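Chain letters run A, B, ... following the sequence lines, proteins first and then strands; every chain starts at 1. In this text, all values refer to a predicted model and were calculated from it rather than measured experimentally. The basis for the numbers below is simple: all heavy atoms, side chains too, and nothing from hydrogens, waters or symmetry mates.
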2 protein chains.
Amino acid sequence: MFTEDGYDKTSLREIAEKLGVTKAALYYHFPTKDDIVSSLIEQRIAAVDALLDWAEAQPRDSATRREFLERYAVLHDEFVHENVIRFFERNQTLINTLPAGKRMREQMMRVFALLTDPSDSLTQQLRRALALFSIHASWFLLRERPGTPEERRAAALEVASELLRSADAPAGEDADPAG
Amino acid sequence: MFTEDGYDKTSLREIAEKLGVTKAALYYHFPTKDDIVSSLIEQRIAAVDALLDWAEAQPRDSATRREFLERYAVLHDEFVHENVIRFFERNQTLINTLPAGKRMREQMMRVFALLTDPSDSLTQQLRRALALFSIHASWFLLRERPGTPEERRAAALEVASELLRSADAPAGEDADPAG
DNA sequence: GTCTATATAAGGATAGAC
DNA sequence: GTCTATCCTTATATAGAC
């Protein structure tokens, strides 16, 4: 409901009705509206933290980034991950205002820091960011198309890998801006 | 304010206060909250419609798509375009619920239809969608980096062109998924 | 752990004077 | 065209019985 209609437009009354209980019962389990979101993201936050811990202990090179992205894409196939990402993509302003949103933002910055290097050019950083976005948004970008979730994941990872490889290549080798 | 805090979290009272008038005065100029958004997007809708009219009269080929994207990127440098896009990216659920949002969605689908071909593979469609997203999101993705708006635009267009070219290439030529 | 009932605040939107 | 004052609805959240 938060993803489809928006966090602000989804009232606790509606949630309670859908659950077949009253608002008061809902408040017993979730002291605030934010706590509902928090409970939804716990599993994902923990899984990505673990993946980041692993990656940050590896050599800081292309191979690690590549493998990180592959494992990240596998995670993303799980229901909870895709839904958390879709929720925050559709309610981006919550990343600044909601406590649970701030945790997501900080973790995402950690992911981005892993994928990029301070010496990267703007073009390289953009490619790396788009690689991540390719995985996040493949569901949305390809939803009109026929295809299984597996096919979509494969396409997302293929394009993401291509972008990472392009970002790793020496400048000028991969593109001809004037062409 | 809509972009930073969210459309729903920004009240007409806050807007009126910022303008130094009362809510009632605001309502004189904008009968509904949606009309405020509508007034903001008019200029962009018209400009992109004109660009689409031009492109749809051209041959449906790679050169047209490439030139469309370049002209689209130039448009995007204008304050109003970047801000409209940022507004809808940060308030995506409004694309379904707000009348002004529906107009934006329909136009975006027209843009996407121009860039893609029904015979495209999932990978190709994803590349084309990311090309568009590269231009839309370069501000956001690169905001932490030093660089002028011109440099960001150049980087966005370079990556976008690269993605379009990669999507145009015959399958298997541009990537090695197993590598 | 769930209920009924209610507190309290804020929202979008209007009426009517000036 | 702007104001004061207000309507009506909904929201998050709480109190207290069962």
- Item | Test applied, side-chain hydrogen bond (donor to acceptor under 3.5 Å, both in side chains); reference residue, A:R86; option that passes from A:H136, A:H81, A:E4 | A:E4
How long is the line joining [atom1] of [X] and [atom2] of [N], in whole Å?
X	N	atom1	atom2	value
B:E17	D:dT2	CD	C1'	16 Å
A:F30	D:dT14	CZ	C1'	18 Å
B:E14	C:dG11	CD	C1'	11 Å
A:K33	D:dA13	NZ	P	8 Å
A:K9	C:dG11	NZ	P	14 Å
B:D8	D:dT12	CG	C1'	15 Å
B:M1	C:dG11	CE	P	11 Å
B:I15	C:dA10	CD1	P	17 Å

- Query: What is the minimum heavy-atom distance between A:Q124 and A:S119, and which atoms define it?
  - Reply: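 Closest heavy-atom pair between A:Q124 and A:S119: OE1-O, 4.4 Å.
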- Item | Given DNA chain D, 5'-ward residue of the pair B:K23 and B:Y28, judged by closest heavy atom | B:Y28
- Message: For A:A24 and A:S11, find the nucleotide of DNA chain D closest to each by heavy atoms; which residue's nucleotide sits nearer the 5' end?
- Response: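 Counting from the 5' end, the first nearest nucleotide belongs to A:S11.
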Check this one for me: any side-chain N or O of [X] less than 4.0 Å away from OP1 or OP2 of [N]?
X	N	value
A:Y27	D:dA13	yes
B:T22	D:dC3	yes
B:R13	C:dG12	no

- Message: Is it the case that the side chains of A:S166 and A:R127 hold a donor-acceptor pair, with the cut-off being a distance below 3.5 Å and no angle test?
- Response: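 Per modelled atom types, A:R127 and A:S166 side chains form a pair under 3.5 Å.
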- Message: Taking the cut-offs as 6.0 angstrom to the six-membered ring centre and 45 degrees off its axis, would you call A:R153 and A:W139 a cation-pi pair?
- Response: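 Judged by the rule (NZ or CZ under 6.0 Å from the ring centre, within 45° of its axis), A:R153 is not positioned above A:W139.
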